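Scroll down for the structure; my scribbles are underneath it.
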Amino acid sequence: MNKTENKITAIKGMPDVLPEQTLQWQYLENKIRNIMQAYAYSEIRMPLLERTNLFARSIGEVTDIVEKEMYTFLDKNSESLTLRPEGTAGCVRACIEHSLLRNQQQQRLWYMGPMCRYERPQKGRLRQFTQLGVEAFNLPGPDVDAELLAICSRLWHELKVQDLVNLQINSIGDLSSRNAYKNELLQYLNDNINALDEDSKRRLHSNPLRILDSKNEDMQALIANAPILLDYIDAESKEHFAKLQELLIQLNINFTINPRLVRGLDYYNRTVFEWVTDKLGSQSAVCAGGRYDNLVSMLGGPQSYGVGFAIGLERVLLLLEAASLQVQKSIDGYLMCIGDNAEKKRLLIAEELRTLLPNFSLETNMTGGSFANLFKKADKSGAKVALIVGDDEVQNNTISIKFLRTEGMQQTVAMNDVQSILGDLK
Ligand code: HAM
């Protein structure tokens, strides 16, 4: 066996995130946390593994995710478990299990974490990817739909990618109007049965709406001429949709109505939406969501309203790259100790500095070198100041400070004065 055969690599579509990339991740995650705080949403954390039937019952048996994309296995107890392909089902399960929706309690929740789908990996499409999910419960009106879209819009503006994304909205009505539409659609598809591909023929009776989502080029003309769901929706859904549009206009959030948007998961009703981009090739959806007023009761909970969205964070990072955002590593100080006495005490001095300067990030040089060499390392570390301790400084309990990014002489100060000079460096 040669060396390369022996090498263990990561699983395809499940990439590592290296330190340089974690800077971009932390930048994005911090923005998200601040925004969720600003809208007073609370964080919820669900497990990675759930019982398989949770997803079959919520996302739907005849969907791409459940039919083809789930990482499902039997555990040692022969129970079928699945690595979560999305967060809404688990979030609803947790809310029911812990009675968070009892007595029509309102909840505004968010979560961030990995999801797994067995899809063909390509740019913007991974087998392990990260979603920010936001879910709001027991708020029936369109205001909360608009609030969720305002959260997205604020995030795009904060990240300065607002010009790279477009909002598409649609309403798929309630169940009865969807059934009426389904009959019309079935009639149309049956009249054109020879134009259907194999996948679509299979779905004709189980889930004909999903046929409209087909990416098959040969079927696009057929899909373009199909009856439109928006023409069949019930009066209340129509009103909800009209009010949502008014609110979006009031909030200055641009949108287009896409009457073909039906979404690939079965739990939706009324509002559905996607934020799309043309910067990521065929993976155009950066964020997607909608209303799901029947999901909680479908999963055994009390009748509750629900609406939410999820953003694919790897896709957002690709957008940041397209917008040329680069987050550089930045630390506050680089400590260099020169001379036997100072070198022996460098860890002690570093600890003393950390006590004096809370929230100050400090890297300690541990390998020594010439003065010039140490300054080169300090510069490369990205530090704002170099902190220099020689044997004289040890003797006198002082420290020398040199600002690396602005003009100014090196100054030597008493250790106790460090706080007044560097305490508000941020
Ligand atoms: P979804 O459309 O399946 O909806 O996924 C939401 C977003 O996750 C997509 O728009 C995309 O940005 C990202 N995403 C999905 N699959 C991948 C992948 N293989 N690689 C990278 N990114 C991906 C949901 O998951 C629903 N739970 C959204 C929702 C929340 N609806 C209501 N509440």
Side-chain angles (χ1 to χ4, degrees), residues 11-15 17 28 41 44 46 50 54-55 58-60 63-66 68-71 83-95 107-137 139 144-145 147-149 151-152 155-156 161 164-170 172 210 213 261-277 279-296 304-319:
I11 294 164
K12 199 169 153 201
M14 300 198 173
V17 177
L28 177 58
Y41 280 59
I44 182 167
M46 296 85 64
E50 297 275 0
L54 171 69
F55 301 115
S58 54
I59 298 169
T63 56
D64 279 351
I65 297 181
V66 173
K68 308 185 219 164
E69 297 170 1
M70 296 210 302
Y71 279 91
L83 275 171
R84 61 183 189 187
E86 57 104 54
T88 310
C91 181
V92 168
R93 195 254 327 125
C95 285
Q107 297 287 348
R108 286 175 158 101
L109 306 173
W110 66 276
Y111 49 83
M112 187 154 53
M115 309 289 158
C116 293
R117 295 185 195 177
Y118 192 81
E119 292 193 79
R120 198 165 50 78
Q122 54 175 243
K123 184 175 177 182
R125 190 165 70 194
L126 299 159
R127 288 184 173 166
Q128 180 179 315
F129 58 98
T130 316
Q131 279 187 347
L132 160 70
V134 181
E135 317 284 359
F137 295 95
L139 291 157
V144 69
D145 306 19
E147 178 172 272
L148 291 172
L149 292 166
I151 292 175
C152 300
L155 181 64
W156 311 140
V161 296
L164 306 184
V165 290
N166 287 306
L167 173 62
Q168 299 191 346
I169 59 173
N170 192 20
I172 59 172
R210 298 282 298 115
D213 234 17
L261 186 66
V262 290
R263 305 277 299 121
L265 302 87
D266 279 357
Y267 47 61
Y268 294 110
N269 66 305
R270 292 198 174 164
T271 314
V272 290
F273 58 85
E274 282 187 359
W275 291 87
V276 295
T277 178
K279 296 283 171 230
L280 304 179
S282 58
Q283 303 314 308
S284 61
V286 179
C287 167
R291 224 165 228 286
Y292 49 86
D293 297 324
N294 301 308
L295 180 57
V296 179
S304 313
Y305 297 95
V307 56
F309 67 78
I311 298 181
L313 297 186
E314 285 80 1
R315 292 187 188 175
V316 175
L317 288 179
L318 288 172
L319 283 187

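In listed order, ligands and their atoms are each counted from 1. Atom set for the values below is all heavy atoms of this structure, side chains included, hydrogens, waters and symmetry mates excluded. From a predicted model like this one, the values you see are computed outputs, not experimental measurements.
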Starting from the N and O atoms of ligand 1, collect every protein N/O partner closer than 3.5 Å and put each pair on its own line with the distance to 0.1 Å.
{"residue": "ligand 1", "atom": "2 (O)", "partner": "R263", "partner atom": "NH1", "Å": "3.1"}
{"residue": "ligand 1", "atom": "2 (O)", "partner": "R263", "partner atom": "NH2", "Å": "2.9"}
{"residue": "ligand 1", "atom": "3 (O)", "partner": "R117", "partner atom": "NH1", "Å": "3.0"}
{"residue": "ligand 1", "atom": "3 (O)", "partner": "R117", "partner atom": "NH2", "Å": "2.8"}
{"residue": "ligand 1", "atom": "4 (O)", "partner": "R263", "partner atom": "NH2", "Å": "3.0"}
{"residue": "ligand 1", "atom": "5 (O)", "partner": "Q131", "partner atom": "NE2", "Å": "3.3"}
{"residue": "ligand 1", "atom": "8 (O)", "partner": "Q131", "partner atom": "NE2", "Å": "3.1"}
{"residue": "ligand 1", "atom": "10 (O)", "partner": "A285", "partner atom": "O", "Å": "3.3"}
{"residue": "ligand 1", "atom": "12 (O)", "partner": "A285", "partner atom": "O", "Å": "3.0"}
{"residue": "ligand 1", "atom": "12 (O)", "partner": "V286", "partner atom": "O", "Å": "3.1"}
{"residue": "ligand 1", "atom": "12 (O)", "partner": "G312", "partner atom": "N", "Å": "3.2"}
{"residue": "ligand 1", "atom": "16 (N)", "partner": "R117", "partner atom": "NH1", "Å": "3.4"}
{"residue": "ligand 1", "atom": "19 (N)", "partner": "E119", "partner atom": "OE2", "Å": "2.7"}
{"residue": "ligand 1", "atom": "19 (N)", "partner": "L126", "partner atom": "O", "Å": "2.8"}
{"residue": "ligand 1", "atom": "20 (N)", "partner": "L126", "partner atom": "N", "Å": "3.0"}
{"residue": "ligand 1", "atom": "25 (O)", "partner": "R117", "partner atom": "NH2", "Å": "3.2"}
{"residue": "ligand 1", "atom": "25 (O)", "partner": "Q131", "partner atom": "NE2", "Å": "3.0"}
{"residue": "ligand 1", "atom": "27 (N)", "partner": "E86", "partner atom": "OE1", "Å": "2.5"}
{"residue": "ligand 1", "atom": "27 (N)", "partner": "T88", "partner atom": "OG1", "Å": "2.8"}
{"residue": "ligand 1", "atom": "27 (N)", "partner": "Y267", "partner atom": "OH", "Å": "3.0"}
{"residue": "ligand 1", "atom": "31 (N)", "partner": "Y268", "partner atom": "OH", "Å": "2.6"}
{"residue": "ligand 1", "atom": "33 (N)", "partner": "T88", "partner atom": "OG1", "Å": "3.2"}
{"residue": "ligand 1", "atom": "33 (N)", "partner": "E135", "partner atom": "OE1", "Å": "2.8"}
{"residue": "ligand 1", "atom": "33 (N)", "partner": "E135", "partner atom": "OE2", "Å": "3.2"}
{"residue": "ligand 1", "atom": "33 (N)", "partner": "F309", "partner atom": "N", "Å": "3.3"}

Give every donor-acceptor pair under 3.5 Å between a side-chain atom in residues 126-133 and any protein atom, sequence neighbours left out.
{"residue": "R127", "atom": "NE", "partner": "E119", "partner atom": "O", "Å": "2.7"}
{"residue": "R127", "atom": "NH2", "partner": "E119", "partner atom": "O", "Å": "3.4"}
{"residue": "T130", "atom": "OG1", "partner": "E314", "partner atom": "OE2", "Å": "2.8"}

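No donor-acceptor pair under 3.5 Å is formed between the side chain of N166 and the backbone N or O of V276. A donor-acceptor contact shorter than 3.5 Å is absent between the side chain of R117 and the backbone of I65.
The residues R270 and D293 are annotated as not salt-bridged, no charged nitrogen and carboxylate oxygen being separated by less than 4.0 angstrom.
Taking the six-membered ring where the residue is Trp, the centroids of Y118 and Y71 are separated by under 6.0 Å.
Sparse packing is recorded around OH of Y305, with 12 or fewer heavy atoms of other residues, nucleotides or ligands lying under 6.0 Å away.
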